[in-house]
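Numbering of ligands and ligand atoms starts at 1, following listing order. When a residue number appears, it is its place in the shown sequence, counting from 1.
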Amino acid sequence: MNPTWVMGYPDGHEEGTFLALDMGGTNLRVCEIILPEEKGEFEIIQSKYKMPEELKTGNSEELWEYIADCIQQFIEYHHEVDELENQEEKIPLGFTFSYPATQDYIDHGILQRWTKGFDISGVEGKDVASLFDAALKKRKLPIKLSALINDTTGTLIASHYTDDTMQIGCIFGTGCNAAYMENCGSVGKIAHLNLDPNMPIAINCEYGAFDNEHAVLPRTPYDIIIDEESPRPGQQAFEKMIAGLYLGELFRLVLVDLHDNKNIHIFEHQDIAKLRKAYSMDASFLSSIEEDPFENLSETADLMLRTLGLSVTKPELELCRRLAELIGTRAARLSACGVAAICKKKNIESCHVGADGSVFNKYPHFKARGAQALREMMDWPKGTKDKVVILPAEDGSGVGAALIAALTMKRVREGNLAGIRNTEGMR
Ligand code: GLC
């Protein structure tokens with residue numbers, strides 16, 4: 001439960017030009033966002049850069065060099081060099097850093113630990129805002145960091161900008177997590193600051209780390225293997241059961257286990273070398289199986305042959321389909337628990353929830369399965385309209401980051417300086 005120093009929602013009149021940098025799980029994205037005078041509108045230009053796989057287990061310096069390279073490329077492409085050199089005012093940037101960070105200020109954040117399979121040395125325990133600033137200074141880029149945010153907080157703010165009934169922002173993607181708006185008086189971690197107890201503050205739940213003690217949720221042997229073989233065993237227990245990064249791996253582990261069990265005969269007399277490679281299938285593999293429209297599962301058969309070199313029998317195909325359904329259903333139902341928990345904590349009876357992420361957007365039946373689980377947990381009378389509805393969100397890591405940068409600068413102008421470090425730089 002990390003306080004984010006995002007102190008309230010936009011009113012729709014935020015204005016200006018902002019940069020946003022989005023470091024999620026797979027890509028790096030740089031955006032320029034224009035918030036015009038019109039309420040709730042925005043324009044965006046953006047470039048996406050694939051994060052090289054080696055970077056995820058590299059070192060801190062390589063990471064910041066890569067990030068600075070991408071930003072430099074982006075602004076040199078979109079602006080004239082002399083325009084940049086003569087630029088007196090620095091362009092404000094919102095940095096979406098989608099990992100758990102302890103923030104004493106909005107322009108500060110100590111990385112608690114890497115999640116989502118990242119393992120870059122020299123960053124945990126450090127202030128990523130300072131590391132980022134140093135990389136910008138080295139390149140003399142005319143940019144200032146105005147806000148370091150989580151993707152869920154960005155999603156919450158961006159969604160609320162266009163639909164003011166949105167009260168929760170969620171990500172169901174490579175990782176899973178949510179943010180909601182709390183009031184300062186209920187946040188023990190900032191009690192010593194004696195802020196107005198009614199002032200709102202967004203909380204990044206980091207509920208991917210729910211049940212790290214394994215006190216609540218039953219785990220399968222496959223969940224245990226995933227945890228033990230991950231770069232951070234014991235962390236992100238909930239996330240490891242539901243997030244996109246792990247769904248394909250769960251599927252693979254079950255099949256390998258069944259194959260190796262002498263009493264069960266699957267993929268007999270076949271070479272399963274490809275299936276033995278860890279993380280060789282991602283969630284899209286399961287999506288394709290669940291999407292196979294044919295009764296005889298012919299598309300699944302093609303997929304198994306093409307990607308794993310396996311000729312699969314009808315019962316084996318049915319097993320694969322059922323297994324994908326089970327993994328996908330467990331993920332969707334547990335994901336809905338996070339939303340239900342926030343609603344119950346905040347006594348929210350009805351609201352919209354803004355959701356983003358590859359699993360939410362692309363995994364078949366995820367939305368319907370999640371909605372069904374919510375109905376069961378929230379005890380709405382049968383046949384009535386759902387009161388809490390999870391909907392596709394606005395772009396939190398781009399537009400949300402720009403809005404939060406704008407909100408922070410507005411707070412400085414208005415003299416509400418709680419949780420802002422570089423107040424002079426933001427004027
Ligand atoms: C992981 C990160 C969290 C992020 C989520 C979704 O759970 O720890 O910060 O919000 O993934 O990207």
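- Ranking protein heavy atoms by distance to atom 1 (C) of ligand 1, first place goes to E239 OE1, 3.1 Å.
- With distances taken over non-hydrogen atoms, the option nearest atom 9 (O) of ligand 1 out of K116, R113, E206, Q112 is E206.
- If you look at N150 next to ligand 1, the close heavy atoms, those under 4.0 Å, all belong to the side chain.
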I'd like to know whether T152 forms a side chain to side chain contact (heavy atoms under 4.5 Å, CB included) with D356, so could you lay out the CA-CA distance, the side-chain angles of the two residues, the decisive distance to 0.1 Å, and finally the verdict. CA-CA 9 Å; T152 55; D356 206 347; over 6 Å; no
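- With a heavy-atom cut-off of 4.0 Å, C176 touches ligand 1 through its backbone alone.
- Checked for salt-bridge contact, E89 and K144 miss the test: no charged N lies under 4.0 Å from a carboxylate O.
- Of the polar atoms of N204, none of the N or O atoms is found under 3.5 Å from an N or O of ligand 1, judged by distance alone.
- Within the listing of ligand 1, atoms 6 (C), 12 (O) sit less than 4.0 angstrom from a heavy atom of I171.
- Residue, atom and distance of the protein heavy atom nearest to atom 10 (O) of ligand 1 are D151 OD1, 2.6 Å.
- Between R139 and E65, at least one side-chain N (NZ, or NE/NH1/NH2) sits under 4.0 Å from a carboxylate O, which counts as a salt bridge.
- Close placement of the W114 and Y99 rings is indicated, their centers lying within 6.0 Å of each other.
- With 3.5 Å as the limit, one finds no donor-acceptor pair spanning the side chains of N204 and Q103.
- Contact annotation: G175 has at least one heavy atom less than 4.0 Å from an atom of ligand 1.
- Residue-ligand proximity, Q236 to ligand 1, at heavy-atom distances under 4.0 Å covers atoms 7 (O), 8 (O).
- Distances below 4.0 Å separate heavy atoms of P100 from the following atoms of ligand 1: 8 (O), 9 (O).
- Nearest non-hydrogen protein atom to atom 5 (C) of ligand 1 is N177 CB, 3.7 Å.
- Look at S98 and you'll find a heavy atom under 4.0 Å from some atom of ligand 1.
- Checking N183 against S186 by side-chain atom types alone, a donor-acceptor pair falls below 3.5 Å.
- Between D223 and K240, none of the side-chain N atoms (NZ, or NE/NH1/NH2) sits under 4.0 Å from a carboxylate O, so this pair counts as no salt bridge.
- No hydrogens or angles considered: nothing links the side chains of K126 and S60 as a donor-acceptor pair under 3.5 Å.
- Of all the atoms in ligand 1, the ones that sit under 4.0 Å from a non-hydrogen atom of T115 are 1 (C), 2 (C), 8 (O).
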Carefully, step by step, assess R29 and T96 under the rule side chain to side chain contact (heavy atoms under 4.5 Å, CB included). CA-CA 10 Å; R29 189 162 60 110; T96 307; over 6 Å; no
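- For ligand 1 and T152, the ligand atoms under 4.0 Å from any heavy atom of the residue are 10 (O).
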